[in-house]
Amino acid sequence: MRAKIVAGNWKMNLSQEQAKELCKEVNNMQIGSGIEVYIFPPMLYVSDCKSLSTHVKVGAQNGYPKDSGAYTGEVSMWQLKEAGINAVLIGHSERREYFNENNALLKEKLDVAIAHGIKPFFCCGESLEIRENGAFLEYVKNQLEESVFHLSDGDFKQIVLAYEPIWAIGTGKTATTEQAEEMHAAIRSWVEEKYGKEIADNTPILYGGSCNPGNAQSLFACENVDGGLIGGAALKASDFSVLVAEETWTILN
């Protein structure tokens, strides 16, 4: 059975004390059986959260593909591994849009993360313009082909995929269950074409677009949606606790 994952991306939010308190609250939540929970705090708070975490896994929101050198402001995958961090977000739409990260750079990041034993959460997704012009399937497939599908079978098994409809991030809009399932099913079919049915059936694909307690049940109930990459709702313990609760997943399954 595929992993069920709920991952909280805290983005550039919270003070140090707020981050530590939220981390404690997440670690004290009643988490459903078999559900893997990750948090991705701001880089300054990663070590604090790592030291406070027990059964919740802590990842980084970014990592640079060079191990060391004159790259002011960056943190390398090697340094993340040295700090005990075993997961990293790669390809988030905000990194693509605001920091001009292209598919070639994301491919390099992916390779280096895997080489250091860090689990990549690779994000893909389309803008509203691409959604409306009908080219969204081709666009997302191209993202995967240029950044991910060069991996060997063994390396590909290390990753988690996350579909982010960019038009639904922070806007309050959410993909319908039909839209989410269509894209997730398409992604799984492309993985199957490249790596075979067994690997495709075991690849977690998360939904990441304004997922919250009000819509999570219907989204997570989709056959090919294996959890969520959560933004705003991950900053509220009361909201996040619903997404990881046994009752939620029991109803779904």
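- Among pairs with a residue in residues 80-100, none fulfils ring pair (Phe, Tyr, Trp, His ring centres under 6.0 Å), at least two apart in sequence or across chains.
- Within the structure, every pair that satisfies the side chain to side chain donor-acceptor pair (under 3.5 Å) test and touches residues 112-128, not counting sequence neighbours, is listed here: Asp67-His116, Glu126-Arg131, Glu126-Tyr163, Glu126-Trp167.
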Report task. Quick one: do Arg2 and Asp226 satisfy salt bridge (Lys or Arg N to Asp or Glu O under 4.0 Å)? Show the steps, please. Result -> CA-CA 7 Å; Arg2 291 190 296 272; Asp226 303 308; 2.9 Å; yes
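- A side-chain donor from one of Arg96 and Asn103 sits under 3.5 Å from a side-chain acceptor of the other.
- A salt bridge does not link Lys141 to Glu138: none of the charged side-chain nitrogens sits closer than 4.0 Å to a carboxylate oxygen.
- Atoms NZ and CG, on Lys24 and Asp48 in that order, are 10.0 Å from each other to the nearest 0.5 Å.
- Atom CD1 of Ile187 is separated from atom SG of Cys124 by 4.0 Å, given to the nearest 0.5 angstrom.
- Salt-bridge annotation for Lys4 and Glu36: absent, with no side-chain N of the basic residue lying under 4.0 Å from a carboxylate O of the acidic one.
- Salt-bridge formation is not detected for the pair Glu74/Lys66: no Lys NZ or Arg NE/NH1/NH2 atom is positioned less than 4.0 Å from an Asp or Glu carboxylate oxygen.
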When the side chains of residues 192-202 are checked against the rest of the protein, which donor-acceptor pairs come out under 3.5 Å, sequence neighbours left out?
residue : atom : partner : partner atom : Å
Lys194  : NZ   : Phe149  : O            : 3.2
Tyr195  : OH   : Phe149  : O            : 3.4
Tyr195  : OH   : Leu151  : N            : 3.4
Tyr195  : OH   : Leu151  : O            : 2.8
Lys197  : NZ   : Asp201  : OD2          : 3.1
Asn202  : ND2  : Glu198  : O            : 2.7

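- Note that CG of Leu219 and NE2 of His184 are 8.0 Å apart. Values are rounded to the nearest 0.5 Å.
- Shown are Leu110, Ile90, Val112; of these, the side-chain contact (heavy atoms from CB on, under 4.5 Å) with Pro65 is made only by Val112.
- Summarising the geometry, atom CG belonging to Leu161 is positioned 9.5 Å from atom SG belonging to Cys123; distances are rounded to the nearest 0.5 Å.
- For Glu129, the CD atom sits in a loose shell: 12 or fewer heavy atoms of surrounding residues, nucleotides or ligands are nearer than 6.0 Å.
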Report task. Test ring pair (Phe, Tyr, Trp, His ring centres under 6.0 Å) on Phe220 and Tyr207 and set out the steps. Result -> CA-CA 8 Å; Phe220 292 178; Tyr207 173 81; 8.4 Å; no
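- In this structure, CG on Leu14 lies 8.5 Å from SG on Cys49, to the nearest 0.5 angstrom.
- To the nearest 0.5 Å, atom CG of residue Leu128 and atom CZ of residue Phe136 are 12.0 Å apart.
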